[in-house]
2 protein chains.
Amino acid sequence: MTSSLHHRAIENLGTRIISGELPAGHIMLAEKLEDELKVSRSVIREAVRVLQSLGLVETTKRVGIRVLPPSRWNPFDPQVIRWRLASKARGAQLRSLAELRSAVEPAAAELAAQNAPAPLRLELVDVAHAMRDAGHRGEVPRFLELDIQFHSLLLSGSGNEMFANLMGQVAETLTGRTVHGLMPDHPHEAALQWHVDVAEAIARGDAGAAREASDKIMRRTMSQMSDTWTEQPRVFIPVHR
Amino acid sequence: MTSSLHHRAIENLGTRIISGELPAGHIMLAEKLEDELKVSRSVIREAVRVLQSLGLVETTKRVGIRVLPPSRWNPFDPQVIRWRLASKARGAQLRSLAELRSAVEPAAAELAAQNAPAPLRLELVDVAHAMRDAGHRGEVPRFLELDIQFHSLLLSGSGNEMFANLMGQVAETLTGRTVHGLMPDHPHEAALQWHVDVAEAIARGDAGAAREASDKIMRRTMSQMSDTWTEQPRVFIPVHR
DNA sequence: GAGTTTTGATGTCTGCACACATCGGTGTCA
DNA sequence: TGACACCGATGTGTGCAGACATCAAAACTC
């Protein structure tokens, strides 16, 4: 039911708010939205409720539906992330995700070395080896697939559901990286070995080594991507008091 | 507007789903919910839409409203976190948050040292010094307040909106820690100094030192709390989707 | 077993009554 | 005359009730 009227209304408004077409402070009236989107009140109302729970709008009696500033948006919501990735803020969103990833993955590796179930450890080693092979052969699509699987397994193996939940966003950054031609046909040899190091350290339960190898991967990834988004402005969310 | 019928319905159902009272696979009918909560269909429908966007339920024609398993919940949503903190899974939720925090804060410190605006750096130093004073004097409530402010400023100063968004959850873990008597009257002397070290490193733009000092704080916090949740079962979210 | 019909739940639409924040007019007082 | 508090009018979201549309599971037919 991904194209119900209600869903399309959410998509329409969410996209327009996050793109900046509907700026913070802009006020919409439910009735106007009805004829603009050619749907009934109930559809609009349900859509507005969802956008409200995402922090994109707030409703006030006698005023209308007010668009909220980006600082109020829930930056972890998958829909918000998707809309930002489709907007001019795509670069900033990718940077945020990459920073989050580079903070989380070494911690996930450490936890996975302590907690991951045995079958997952074995699969991780297999995937790391397959990655190295695919990398040597220059099989780019196959490598991307394995790369996503590797990092998904790693996050899943941490046993932290918040880390695991980042799988989807990580996949997005990895595919985004290859789509934008930031990946050479033959991945860096050392990086391939670091993936194997992470997997083997987890397999033998060496948390320190797992973290260290993962950290190397992340630092290399960050330095590789950093020059593509240096011009992105940073937003500092005020600390409420 | 926090006690609209629609909001209360969300709260009621969200709490019951996350507490496990309404288990995964349980099927609810909109009509039944109307009688049960004594509200009209539109209220139920709007509430269900929001719960749907949080991944708590899905609707299927001819079947009803199905409760989804925890692996489908959005673990980063503030409401979901709040409901989990109020459930039997409180311990597991606190551990997840602490792990996330200990991964993110050192990275945030590193970024803050590179990007934070000057006034924020100064404020951070002030707060760190005030924290040390309050700690020495054994002013527990004052210390907690400053502690929350310190870590909020740190996350905000990173210039990463996802990091900044964790301020609220961090405050929750810190207050939870003191409420549960896990904080001594006089905080560890070294920990107090590490906070000052983080602030001063950020103030002078020394990213490496900022990360290192922050990492020390996080490692000590984790080792301090780890024995309180060793019995919490870990959940491994399958990578397939 | 494959194809068809029935059924029952959500999806969508509409008209109405109500709650309540804002605005503007009115009256009071200095 | 001007400043201020009050209060009612107005407009908008909120909640309700009922109808019909849609569509997929389930029952039925062959």
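These numbers come from the heavy atoms of this one structure, side chains and all, not from hydrogens, waters or symmetry mates. Order of the sequence lines sets the chain letters (A, B, ...), proteins ahead of strands, with each chain counted from 1.
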May I have the list of side-chain donor-acceptor pairs in residues 75-82 of chain B shorter than 3.5 Å, sequence neighbours left out?
residue, atom, partner, partner atom, Å
D77(B), OD1, Q79(B), N, 2.8
D77(B), OD1, V80(B), N, 3.4
R82(B), NH1, E11(B), OE2, 2.9

Tell me which residues in residues 31-41 of chain B lie within less than 4.0 Å of DNA chain C, going by non-hydrogen atoms.
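Output list: R41(B).
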
Can you check whether [X] has a side-chain N or O nearer than 4.0 Å to OP1 or OP2 of [N]?
{"X": "R49(A)", "N": "dT14(D)", "answer": "yes"}
{"X": "R62(B)", "N": "dT6(C)", "answer": "no"}
{"X": "T60(A)", "N": "dT12(D)", "answer": "no"}

Using whole Å, what does the distance between atom [atom2] of nucleotide [N] and atom [atom1] of [X] come to?
{"X": "I27(B)", "N": "dT10(C)", "atom1": "CD1", "atom2": "C1'", "value": "13 Å"}
{"X": "R66(A)", "N": "dA21(C)", "atom1": "CZ", "atom2": "P", "value": "13 Å"}
{"X": "L5(B)", "N": "dG13(D)", "atom1": "CG", "atom2": "C1'", "value": "13 Å"}
{"X": "L29(A)", "N": "dT14(D)", "atom1": "CG", "atom2": "P", "value": "12 Å"}
{"X": "K61(A)", "N": "dG11(D)", "atom1": "NZ", "atom2": "C1'", "value": "12 Å"}
{"X": "Q52(A)", "N": "dG13(D)", "atom1": "CD", "atom2": "C1'", "value": "10 Å"}

Applying side-chain contact (heavy atoms from CB on, under 4.5 Å), can you list everything that pairs with L144(B), at least two apart in sequence or on another chain?
I148(B), L174(B), T175(B), T178(B)

Show every donor-acceptor pair shorter than 3.5 Å between a side-chain atom in residues 31-39 of chain A and any protein atom, with sequence neighbours excluded, or say none if there are none.
residue, atom, partner, partner atom, Å
E36(A), OE2, R16(A), NH1, 2.8
E36(A), OE2, R16(A), NH2, 2.8
K38(A), NZ, D35(A), O, 3.0

Along DNA chain C (nearest heavy atom to each residue), the more 5'-positioned of G64(B) and S42(A)
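Checking each residue's closest nucleotide, the 5'-ward one belongs to G64(B).
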
Non-neighbouring partners of E99(B) that pass salt bridge (charged side-chain N to carboxylate O under 4.0 Å, His left out), sequence neighbours left out
R234(B)

Test of understanding: with salt bridge (charged side-chain N to carboxylate O under 4.0 Å, His left out), list the residues that count as partners of R62(B), not counting sequence neighbours.
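With sequence neighbours excluded, R62(B) shows a salt bridge (charged side-chain N to carboxylate O under 4.0 Å, His left out) to no residue whatsoever.
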
From dG11(C), dC16(D), dG13(D), nucleotide with atom closest to T59(A) side chain
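So the side chain of T59(A) is nearest to dG13(D).
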
Classify the side-chain pair H129(B)/D133(B) by whether it contains a donor and acceptor separated by less than 3.5 Å.
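The criterion, which ignores hydrogens and geometry beyond distance, is not satisfied for D133(B) and H129(B).
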
